[in-house]
Amino acid sequence: MPLISPAENLLAGLSDRQREAVIHTDGPLLIVAGPGSGKTRVMAHRVAYLIGEKGVPAWKILAVTFTNKAARELRERCERLVGHGSDELQVRTFHGFCSRVLRSDGEHVGLKPEFTIYDTDDQARVARRILDEFDIDPKQFPPRALLGIISDAKNNMRSPAQLERRTETYRDEVASRVYAAYEGALQRANAVDFDDLLLKTYMLLEGFPEMLEKYQTRFDHLLVDEFQDTNPLQFQVARMLALKSQNICVVGDPDQSIYSWRHADPTNLTDFQSTFKDTKIVTLDQSYRSTQIILEAADSVIGNNDGRMEKNLWTENDRGTRISVAEAYNEDEEARLVLEAAANLKSQDGIGRNEVAIMYRVNAQSRAFEVACNREGIPYRLVGGVKFYDRKEVKDVLSFLRLAANPADDAALERIINVPTRGISAKTVAELRRVAITNNVPILDVILDISRVQSGDEDPPAYYAELATRALKSVSAFGDLITRLIEQSMALDTNELIDLIVEHSGYGAMLREDKERGEERMENLQELKASAEQFAGSEERGQLTDFLENVALVSEVDGLQGGDDTDVEEEAITLITLHQAKGLEYDAVFLVGLEEGILPHSRSVDDPTQIEEERRLLYVGMTRARKRLNLFRAFQRRFRGQSGSTMASRFLQEIPDSLVTTRDIRGHSRVADRMPDPMWTKRAASTPAPESAGRTGDQFEAGDKVRHGTFGDGVVVSSSGTGGDTQVTVAFAGQGVKRLMLSFAPLEKVVEEESVRQFDPDEDEIEIQDPDLFAP
DNA sequence: GGCTTAGATATTTTT
DNA sequence: TATCTAAGCC
């Protein structure tokens, strides 16, 4: 009997293509991996192969992912394959890796090792402060927009000076001025934003040959996951790291690029081939996940995008069930329909709640489902609600910790200088800030000076005249508090430090006063303490920075997830945005809100490039499903308080009829191609009354609100024919969609004040009668 | 200095 | 609809 070598064992069970990707270990490799094609598996096996067969030390391998979750998953799978000796394997997120580089070598680019990572909140705080300083109207130049421009510049490796040179509009000019000041502020605070983690690492590798050499030698093999989502900066960092060894393996799927609005540039995939000569390309196009029907439908949809890297997805899986497209009166009925169908899945197909996901385009859509779940008593998991670390009280206490770790952290200081209120007004803060900026020192320096003067150690400087005696006293007391905190941070574990903050800053007292939510908030602080405990025991100063870095870069905390009342262990339906669903899979997927303005989103409709991204978003959603895929739309949707009629998403037409079943609530199932519904099947199927036929007051048009003696209120979906022959399709609230002959059906038009969106199925161009309703 | 109120504003959000 | 901000008032 032949002995099975470890390599054979490792490669057993892989497809030819997968094996090819695993064993090509020398030189650049590009893996184009379709949904469900086993890319994580391939990456893990590749790592194991490098270690086990090629004798590469684990610590010489760097694998980079985008999310912590992906990193964790990959690490676990590698460990399972490799067993011992894989501890030193570097599996990190892009940001995590860069942060680590900068902690040890950031001095070259002006960073002290205990630098702070600013989140978007801090960034906004800095930006607002700068606008104030420059006397720029934040209404005219919203901080968010300016930060967007700055982020754009950073991700394209442009400095403030370079941005200024490219200035075309007044807005650009303002942005470049703010950018320069913003950089100054961060520099002064020994802080970086998320983009900086990448940018400064790039600058380090780019500007310091010995650093480049160091990190190029440090790693022999580089793997990059989700390569289609890399931005130019990330591409450059990866490129430089691998330039010497040429051993770089990137995995991606251009059809799943859904983050271009965050600077991701899928052309990196093609650029990769020109950057690294002799790149081997392996395409993984066999899906081990979805049924044939789901795959065909998804493929047909994505086929409408131009200039794709074509790949022919196939599967040995069953043909599967047809995709259902259901139509609801409004979002409440949509939710009811979905939950009903989900319940049926259990009895009919044995698919439990844990294997069901409801996916939507915008978070606001989750609401109807939460309400419905609560009403029906169905447990659900809402992905991406308010993050634990985003809670106010948590951020406040963290700001104290940040200040202890990095006394230059002005954003943290400004956040808590008057929380709880300790008699330091906005005006006082502004003055302290002004003095700090003038002297180019952190605000805390100014405050500590005041403390010293107050205790009679020094003579008062000139700016003292600007501050009231009472303010000086309060500021001095705050300075003493922080001084004590900094001292203690050298000696105490982080969790003990949290206790100290809560008890001595007045925060605990404030929460005990708060009868409404004080208790809950205090509990959150206890949670924070618990998460800090994991870092306790190690070298004091380092543990604080480590903890803070973890907070900044790891948004979720183990054991804290799950909806408010939903036990993590409990069987629950998942509510999730399409973006967040990437990389996940479920037996059954419900894609809801397939309407113009929702998917595709209204902000994307007039840009073909953005429409293509919306289509990819749908593609991602569809390919999350293993067995069942159900699409939903509502004829009417409340939007920002108002209600309006909707049009079917253009994407629905891109799914071949032969793969679809239309079904209404009560299970009357009808096959699409036998009974076309003009709202979403090919438009040729409907023959609306020509304009020349002359419209009477009784003429019904799509979007009209009507009332029926038996069925109640509804919305006209379409009408065809004239006079007594007129056939009207109406979606009734709670009754589903009905086709009615006007001559028999007692239909009455309901006249409403507000105009509604209407559409003419015969028009190719979409007409929006009231653009204000859905347009930005 | 903190509270109330009117007015504007509104995708997606891996880190 | 809900959420945030600036302004106005005690």
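In what follows, chains carry the letters A, B, and so on, assigned in the order in which the sequence lines appear, proteins first and then strands, with residues in each chain numbered from 1. Only heavy atoms go into these numbers, but all of them, side chains included; no hydrogens, no water, no symmetry mates.
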- So, do A:Phe369 and A:Tyr380 have ring centers that fall under 6.0 Å from each other? no

- Atom-to-atom span, CD of A:Gln234 to C1' of B:dT14 - whole angstrom: 10 Å

- With sequence neighbours left out, what residues match A:Phe632 under ring pair (Phe, Tyr, Trp, His ring centres under 6.0 Å)? A:Phe590

- Query: Pick the nucleotide of DNA chain B nearest each of A:Ala426 and A:Leu578; which residue has the one closer to the 5' end?
  - Reply: A:Ala426

- To the nearest angstrom, how far is A:Lys473 atom NZ from B:dG1 atom P? 16 Å

- Does the side chain of A:Asp105 come under 3.5 Å of the side chain of A:Tyr215 through a donor N or O and an acceptor N or O? yes

- Query: Side chain of A:Arg603, base of B:dT11: donor and acceptor closer than 3.5 Å?
  - Reply: no

- Query: What is the distance from NE2 of A:His263 to C1' of B:dT14, rounded to the nearest Å?
  - Reply: 13 Å

- Query: How long is the line joining CG of A:Asp606 and C1' of B:dT11, in whole Å?
  - Reply: 14 Å

- May A:Trp261 be described as stacking on the base of B:dT12, applying a 5.5 Å centroid limit and a 30° limit on plane angle? yes

- Message: With a 3.5 Å cut-off and heavy atoms only, can you find an N or O donor on one side and an acceptor on the other between the side chain of A:Arg361 and the base of B:dT11?
- Response: yes

- Message: What contact category does A:Gly423 fall into here, base, sugar-phosphate, or nothing, at under 4.0 angstrom with non-hydrogen atoms?
- Response: sugar-phosphate

- Closest to the A:Thr93 side chain: B:dT12, B:dT15, B:dT14? B:dT15

- Item | Distance test, side-chain N/O of A:Thr577 to OP1/OP2 of B:dT13, below 4.0 Å | yes

- Would you indicate what A:Gln580 reaches in the nucleic acid, counting non-hydrogen atoms under 4.0 angstrom: base, sugar-phosphate, or nothing? sugar-phosphate

- Query: Reckon A:Tyr259 touches a base, only the sugar-phosphate, or nothing at all at heavy-atom distances under 4.0 Å?
  - Reply: base

- Query: Got a donor-acceptor pair under 3.5 Å from the side chain of A:Arg640 to the base of B:dT9?
  - Reply: no

- Query: Does A:Asn68 have a side-chain nitrogen or oxygen under 4.0 Å from the phosphate oxygens OP1 or OP2 of B:dT14?
  - Reply: no

- How is A:Ile424 classified with respect to the nucleic acid when contacts are heavy atoms under 4.0 Å: base, sugar-phosphate, or nothing? sugar-phosphate

- Note on the structure: Closest heavy-atom pair, A:Thr646 versus A:Ala634, reported as atoms and distance to 0.1 Å, is OG1-O, 2.6 Å

- Item | Distance in angstrom units between A:Asp137 CG and B:dA8 C1', rounded | 13 Å

- Message: Is A:Asn363 close enough to B:dT13 that one of its side-chain N or O atoms is under 4.0 Å from OP1 or OP2 there?
- Response: yes

- Task: Classify the side-chain pair A:Asn406/A:Glu114 by whether it contains a donor and acceptor separated by less than 3.5 Å.
- Result: no

- Query: Which nucleotide sits closest to the side chain of A:His95: B:dT15, B:dG1, B:dT12?
  - Reply: B:dT15

- Item | ring pair (Phe, Tyr, Trp, His ring centres under 6.0 Å) involving A:His579 - partner list, sequence neighbours excluded | A:Tyr259, A:Trp261

- Flag for A:Asp195-A:Asn155: side-chain donor and acceptor within less than 3.5 Å: yes

- Item | Base versus backbone protein contacts along nucleotides 2-10 of chain C [heavy-atom cut-off under 4.0 Å; B, S, -] | S--S-----

- Item | Rounded distance (Å) that lies between atom P of B:dT12 and atom CD of A:Glu613 | 14 Å

- Task: Tell me yes or no: between the side chains of A:Asp193 and A:Tyr182, is some donor less than 3.5 Å from an acceptor?
- Result: yes

- Query: Between B:dT14 atom C1' and A:Phe66 atom CZ, what is the distance in whole Å?
  - Reply: 8 Å

- Note on the structure: Taking for A:Arg422 and for A:Ala552 the nucleotide of DNA chain B with the nearest heavy atom, the one nearer the 5' end belongs to A:Arg422

- Message: Using whole Å, what does the distance between atom C1' of nucleotide B:dT12 and atom CD1 of A:Ile611 come to?
- Response: 14 Å

- Identify which nucleotide among B:dT15, B:dG1, B:dT12 has an atom closest to any side-chain atom of A:Arg262, counting heavy atoms from C-beta outward. B:dT15

- Establish, yes or no, whether the cationic atom of A:Arg422 lies under 6.0 Å from the six-membered ring centre of A:Phe478 and within 45° of the ring axis. no

